[in-house]
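Just so it is clear: chains get the letters A, B, ... in the order the sequence lines come, proteins before strands, and each one is counted from 1.
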There are 2 protein chains.
Amino acid sequence: MRVTTGTKNRTRQAIVDAAIELLAGNPACSLGEIAAAAQVGRTTLHRYFAERADLMAAVADEGGERLTRAARLAELDRGTGAEALLRLCREYFDLGSLLSLVFSEQTGDCWDAQEEPGVEAVVRRGHADGSIDPVLPADWVVSLMWSQLYAAWSYLGERPGASRHYVLDLLTRTVANAVRGPGAI
Amino acid sequence: MRVTTGTKNRTRQAIVDAAIELLAGNPACSLGEIAAAAQVGRTTLHRYFAERADLMAAVADEGGERLTRAARLAELDRGTGAEALLRLCREYFDLGSLLSLVFSEQTGDCWDAQEEPGVEAVVRRGHADGSIDPVLPADWVVSLMWSQLYAAWSYLGERPGASRHYVLDLLTRTVANAVRGPGAI
DNA sequence: CTGTAGTGGAACACACGTGTTCCATGACGG
DNA sequence: CCGTCATGGAACACGTGTGTTCCACTACAG
């Protein structure tokens with residue numbers, strides 16, 4: 001039984017990637033557009049994902065894996081809470097258009113249902129070690145981080161000339177200041 | 001020629017209000033849902049706004065007026081740049097679901113095409129008087145404010161028990177810290 | 001060469017939102 | 001009471017997205 005799934009997996013991945021890219025810009029995107037962007041016929045798309053919901057589930061899965069990978073790269077256990085949070089910001093920022101997708105699902109918490117508890121634990125560590133203002137609730141700090149991530153990503157998208165590193169610097173400065181609280185140097 | 005438009009204006013306003021409320025939650029909302037929320041028939045809605053675009057234009061007009069009113073209440077000329085910016089945050093926060101609507105139109109700048117220059121001028125005043133970190137570009141500060149406004153509004157919506165004043169306090173603390181820069185007390 | 005896997009185009013039925021027309025009903029002032 | 005006004009329901013045609021079926025084409029292994 002040879003593994004002919006090499007081609008299938010490649011096609012499937014192309015569809016999911018195109019879906020993430022297009023859904024980020026337009027959540028009401030049609031399957032035809034996604035198929036065209038993936039350079040695949042609409043028939044083929046339906047062969048991999050019978051219903052729209054199936055594709056959405058695959059997109060959610062892929063997004064969740066990317067988030068988990070980024071969180072692992074951030075080494076959340078290292079340094080103060082604020083330092084870990086800023087490392088996470090930098091890793092998440094590299095996720096690109098996926099940010100819009102995660103953020104637009106304000107209420108659809110399906111995304112980081114597993115991630116968020118870990119991030120909130122980092123914030124509480126920051127509360128304890130004094131690097132994060134204890135007045136700010138952990139879930140507030142998390143939503144603050146996400147809204148700034150989204151703002152930074154769209155800021156970058158609206159200014160074709162802007163450097164990715166420059167915007168990332170603005171983002172980390174802003175989050176660091178917002179979280180630090182009024183007491184520090 | 002008696003002014004029978006009392007009823008008409010009331011109906012029209014009810015439709016626009018319902019549209020703002022529903023479009024904030026779901027930008028792809030159908031006209032039928034809007035009509036139902038406004039407690040009018042779909043026929044009546046079409047009598048006031050022939051096409052969907054006409055209703056959208058009316059919503060944009062109403063939103064623009066509310067934004068202008070809030071900016072006037074904030075007395076942007078008074079105090080330091082940072083103080084004026086925080087007053088504006090508080091007034092904007094009271095706009096409620098309109099925040100989602102304005103924010104979701106990331107690229108559709110039709111909203112504050114008149115407002116934004118004024119706000120950016122406030123930020124530059126803050127740059128000059130030392131109340132806002134000059135390292136942060138004015139348009140960055142504006143997008144920072146909007147993303148935090150949106151985050152605060154959805155934070156409030158997701159926590160039915162949370163006090164509006166408490167969330168507003170979190171918002172102003174966060175924005176004040178983010179904008180203040182690393183140098184101050 | 002032959003069979004199979006992966007693909008894509010064409011066509012269809014269905015659901016939904018939209019914009020329109022027509023007609024009936026209730027309210028209000030003359 | 002009667003005419004007008006604002007309204008809402010029913011029905012229709014149209015466009016678009018969706019999910020399905022059927023068939024033809026290409027690449028590749030045996």
Every protein N/O within reach of nucleotides 9-12 of chain C N/O, cut-off under 3.5 Å:
residue	atom	partner	partner atom	Å
C/dG9	N7	A/Thr43	OG1	3.2
C/dG9	O6	A/Thr43	OG1	3.3

Please enumerate all residues that pass side chain to side chain donor-acceptor pair (under 3.5 Å) together with A/Arg66, with sequence neighbours excluded. A/Asp17, A/Glu62
Separation of A/Phe49 atom CZ from D/dG17 atom P, in whole Å? 20 Å
Indicate whether any N or O donor in one side chain lies under 3.5 Å from an N or O acceptor in the other, for B/Asn177 and B/Arg180. yes
Checking B/Trp140 now: which residues fulfil side chain to side chain donor-acceptor pair (under 3.5 Å) with it, not counting sequence neighbours? A/Thr174
Please give, in whole Å, the distance from D/dC5 P to B/Asn9 CG? 16 Å
Side chain to side chain contact (heavy atoms under 4.5 Å, CB included) involving B/Ser131 - partner list, sequence neighbours excluded: B/Thr80, B/Ala82, B/Asp129
A/Thr44 side chain N/O closer than 4.0 Å to the phosphate oxygens (OP1, OP2) of C/dG8? yes
Any base atoms under 4.0 Å from B/Tyr48, or only sugar-phosphate, or nothing? Heavy atoms, all strands. sugar-phosphate
For B/Asp139, check side chain to side chain donor-acceptor pair (under 3.5 Å) against everything at least two apart and list the hits. A/Tyr155, A/Arg159
Integer-rounded Å distance: C/dT18 P and B/Leu45 CG: 10 Å
NE2 of A/His46 versus P of D/dC22: gap in Å, rounded? 16 Å
Residues forming a side chain to side chain donor-acceptor pair (under 3.5 Å) with A/Gln39, sequence neighbours excluded: none
Could you pull out all residues at least two apart from A/Arg72 that satisfy salt bridge (Lys or Arg N to Asp or Glu O under 4.0 Å)? none
Extract from the structure each pairing of a protein N or O with an N or O of nucleotides 14-17 of chain C at less than 3.5 Å, listing the distance.
none

Qualifying side-chain hydrogen bond (donor to acceptor under 3.5 Å, both in side chains) pairs, either residue in residues 18-28 of chain B, two or more places apart: B/Glu21-B/Ser97
